[in-house]
Amino acid sequence: VQLQASGGGLVQPGGTLRLSCAASGSISRINVMGWYRQAPGKQREWVALITSGGSPNYAGSVKGRFTISRDNVKNTMYLQMNSLKPEDTAVYYCNTYPATAYWGPGTLVTVSS
């Protein structure tokens, strides 16, 4: 199953975005899925994870602002991002956890006034 992120864009600080991750097949058997991001000049990091049962886990930098969810019927995962900050600017990717070798192109989120 390959996963591909979409929904990025330019948003002002304090704004919101909702990212989607579409799967090429069923995600119901994927135990843990996650959102990752890579900012310019930095290493890729995980942002949020979710189990097949819907239990989330967040990196400290986004906790309280981002919400991860998944729809096993639509084979889609989401990342609702609120109160965005300039430091959230990055290319966002979705993948399993642990991650597979396929990352796809990701979706660029730019937070700037």
Side-chain angles (χ1 to χ4, degrees):
V1 177
Q2 291 186 342
L3 306 174
Q4 186 150 325
S6 63
L10 173 63
V11 63
Q12 292 186 342
T16 65
L17 273 178
R18 188 193 195 204
L19 304 183
S20 297
C21 174
S24 60
S26 175
I27 66 171
S28 61
R29 294 186 178 183
I30 300 177
N31 186 25
V32 184
M33 301 176 65
W35 285 96
Y36 303 75
R37 67 185 181 188
Q38 186 167 19
K42 295 188 176 182
Q43 288 190 333
R44 187 180 289 137
E45 61 178 358
W46 72 271
V47 174
L49 306 175
I50 188 166
T51 68
S52 56
S55 295
N57 194 14
Y58 299 97
S61 58
V62 306
K63 198 169 187 178
R65 300 188 297 121
F66 291 11
T67 302
I68 188 172
S69 61
R70 64 191 279 178
D71 187 328
N72 290 341
V73 174
K74 295 182 178 179
N75 295 318
T76 305
M77 179 176 64
Y78 304 96
L79 185 68
Q80 177 68 42
M81 304 187 295
N82 300 330
S83 303
L84 283 161
K85 304 176 180 180
E87 50 264 43
D88 294 317
T89 294
V91 178
Y92 284 71
Y93 303 87
C94 53
N95 206 322
T96 60
Y97 183 87
T100 66
Y102 178 78
W103 285 98
T107 188
L108 177 62
V109 173
T110 304
V111 184
S112 175
S113 55

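Just so you know, these numbers come straight off a predicted model, no measurement behind them.
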- Task: Starting at CZ of R29, measure out to CG of N31 and round the result to the nearest 0.5 Å.
- Result: 13.0 Å
- Item | L19 reachable from V11 in the ILVMFWY side-chain graph, under 4.5 Å edges | yes
- Item | R18: salt bridge (Lys or Arg N to Asp or Glu O under 4.0 Å) partners, not counting sequence neighbours | none
- So, the side chain of Y58 versus the backbone of I68: is there a donor-acceptor pair under 3.5 Å, distance only? yes
- So, for M77 and S69, which heavy atoms are closest and what is the spacing to 0.1 Å? CG-O, 3.2 Å
- Over all heavy atoms of both residues, which pair between W46 and N57 is shortest? Give the atoms and the distance, please. CZ3-O, 3.6 Å
- Message: For residues L79 and V91: do they belong to one hydrophobic cluster (side chain heavy atoms under 4.5 Å, members Ile, Leu, Val, Met, Phe, Trp, Tyr)?
- Response: no
- Could you pull out the closest heavy-atom pair between G106 and Y93, with the gap in Å? CA-CD2, 3.6 Å
- side chain to side chain donor-acceptor pair (under 3.5 Å) contacts touching residues 73-85 (sequence neighbours left out): Q80-N82
- Task: Begin from the C-alpha positions of R65 and D88 and carry the test side chain to side chain contact (heavy atoms under 4.5 Å, CB included) through to its verdict.
- Result: CA-CA 11 Å; R65 300 188 297 121; D88 294 317; 2.7 Å; yes
- For the hydrophobic clusters of this structure (ILVMFWY residues joined by side-chain heavy atoms under 4.5 Å, transitively), does one cluster hold both Y36 and M33? no
- Note on the structure: CG of L10 to CG of L108, rounded to nearest 0.5 Å, is 9.0 Å
- Query: Within a strict 4.5 Å, meaning less than it, do heavy atoms of the V62 and R37 side chains meet?
  - Reply: yes
- Hey, could you give me the CD/OH distance between Q38 and Y92, rounded to the nearest 0.5 Å? 12.0 Å
- Message: Taking I30's backbone N and O only, do any of them form a donor-acceptor pair with S52's side chain (distance below 3.5 Å, no angle check)?
- Response: no
- Query: R70 side chain to G53 main-chain N or O, any donor-acceptor pair under 3.5 Å?
  - Reply: no
- Task: Measure across V1 and S26 and return the closest heavy-atom pair with its distance rounded to 0.1 Å.
- Result: CG2-O, 3.5 Å
- Item | Between CD on residue Q4 and OG on residue S20, distance to nearest 0.5 Å | 12.0 Å
- Note on the structure: All heavy atoms of A23 vs all of I27, minimum pair found to be CB-CG2, 3.3 Å
- Please, which pairs that meet side chain to side chain donor-acceptor pair (under 3.5 Å) have at least one residue in residues 100-113, sequence neighbours excluded? N95-T100
- Co-membership, hydrophobic cluster, residues W35 and V111, 4.5 Å side-chain: yes
